[in-house]
Amino acid sequence: MSDPDNYPVPTRLDHLPSFLLMQSARHVHRMVFDRLDAADARGHHYRILAALGEGGPSSQIELGRRCGLDRSDVAAAVDALSDRRFVERAPDPKDRRRNIISLTRRGRHRLSELDDVLTAVQDEAFAPLDADERAQLTAMLTKIIGHHTRDRARHNGHAVPRES
């Protein structure tokens with residue numbers, strides 16, 4: 001099978017930010033996936049560990065919201081993380097029908113390992129950019145994402161915080 005990266009793209013596309021962003025995202029996604037796979041992890045696992053590391057114990061529903069994951073994806077990832085003793089489930093004292101998921105000591109160590117993996121991927125993926133250019137790229141992407149997530153919230157009838 002031929003590799004589409006080895007062929008020139010039509011000139012109509014090679015100057016469009018949307019096309020360039022998609023191409024860049026595809027390359028970086030592949031790098032992240034490969035590195036996480038080599039570390040015996042998945043993106044969903046990292047998202048959940050990171051959410052627990054930053055926000056503390058949480059219900060699976062709240063984890064899904066914080067990570068932008070579907071309920072079934074959260075359940076499968078929590079099962080996998082629990083099997084490896086990176087997280088633990090405990091009944092919610094306020095509602096016994098619900099479990100609270102928390103990070104274990106082993107999970108905090110795993111999160112630190114995966115942070116290192118992703119830092120190395122960022123360094124490799126964005127090697128052509130100096131520190132200032134990386135900061136500018138991050139700011140621009142954050143601005144674009146913020147614009148579109150505010151638009152989506154506005155269309156869904158949610159209150160949208162104003163930029164300062």
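Starting from 1, each residue takes its place in the sequence as its number. Because the structure is a prediction, the values reported are computed rather than measured.
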Exercise. Which residues satisfy the side-chain contact (heavy atoms from CB on, under 4.5 Å) test with Asp132, sequence neighbours excluded?
Worked result: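 Per chain and number, Asp132 pairs via side-chain contact (heavy atoms from CB on, under 4.5 Å) with Asp130.
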For this session: With sequence neighbours left out, write down each residue that passes side-chain contact (heavy atoms from CB on, under 4.5 Å) with Leu20, or none if nothing qualifies.
Result: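 Testing Leu20 for side-chain contact (heavy atoms from CB on, under 4.5 Å), a comparison that skips the adjacent residues, returns none.
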State, yes or no, whether a side-chain contact exists between [X] and [Y] at a heavy-atom distance under 4.5 Å.
X     : Y      : result
Arg98 : Asp95  : yes
Gln23 : Arg26  : yes
Leu69 : Arg47  : yes
Tyr46 : Val117 : no
Leu36 : Val121 : no
Val87 : Leu49  : yes

Enter the distance from [X]:[atom1] to [Y]:[atom2] here, rounded to the nearest 0.5 Å.
X      : Y      : atom1 : atom2 : answer
Leu103 : Phe86  : CG    : CZ    : 10.0 Å
Thr104 : Leu111 : OG1   : CG    : 10.5 Å
Met22  : His27  : CE    : NE2   : 11.0 Å
Phe19  : Arg12  : CZ    : CZ    : 13.5 Å
Ser24  : His29  : OG    : NE2   : 14.0 Å
Leu129 : Thr138 : CG    : OG1   : 9.0 Å

Problem set entry | Under-4.0 Å salt bridge between Asp116 and Arg35 |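 Salt bridge between Asp116 and Arg35, a charged N being under 4.0 Å from a carboxylate O: no.
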Exercise. Does Leu16 share a hydrophobic cluster with Leu141, counting links as ILVMFWY side-chain heavy atoms below 4.5 Å and allowing steps through other members?
Worked result: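 No; Leu141 is not reachable from Leu16 via cluster members.
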For this session: Please answer: with hydrophobic residues joined when any side-chain heavy atoms are less than 4.5 Å apart, are Leu21 and Phe33 in the same cluster?
Result: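 In one cluster: no.
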Non-neighbouring partners of [X] that pass salt bridge (Lys or Arg N to Asp or Glu O under 4.0 Å), sequence neighbours left out:
X     : result
Asp70 : none
Arg85 : none
Asp14 : none

Problem set entry | CA sep, side-chain torsions, deciding dist, call: Arg84, Asp40, salt bridge (charged side-chain N to carboxylate O under 4.0 Å, His left out) | CA-CA 11 Å; Arg84 297 176 73 188; Asp40 193 26; 3.1 Å; yes
Name each donor-acceptor pair under 3.5 Å that joins a side chain in residues 52-65 to protein atoms two or more places apart or in another chain, with its distance.
unit_1	atom_1	unit_2	atom_2	d
Ser58	OG	Leu63	N	3.4
Ser59	OG	Glu62	N	3.1
Gln60	OE1	Arg89	NE	3.4

Exercise. Hey, mind stepping through Arg42 and Asp37 against salt bridge (charged side-chain N to carboxylate O under 4.0 Å, His left out) and telling me if it holds?
Worked result: CA-CA 6 Å; Arg42 302 292 169 264; Asp37 190 50; 3.2 Å; yes
Tell me the closest heavy-atom pair linking [X] and [Y], and the distance in Å.
X      : Y     : answer
Ala80  : His45 : CB-NE2, 3.8 Å
Arg96  : Pro91 : NH1-CB, 3.3 Å
Arg110 : Ala41 : NH2-CB, 3.5 Å

Exercise. Where do Val28 and Phe126 land on the side-chain contact (heavy atoms from CB on, under 4.5 Å) test, with the steps shown first?
Worked result: CA-CA 9 Å; Val28 173; Phe126 299 102; 4.1 Å; yes
Exercise. Can Glu113 and His109 be counted as having a side-chain donor-acceptor contact under 3.5 angstrom?
Worked result: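 Distance-only check passes for Glu113 and His109.
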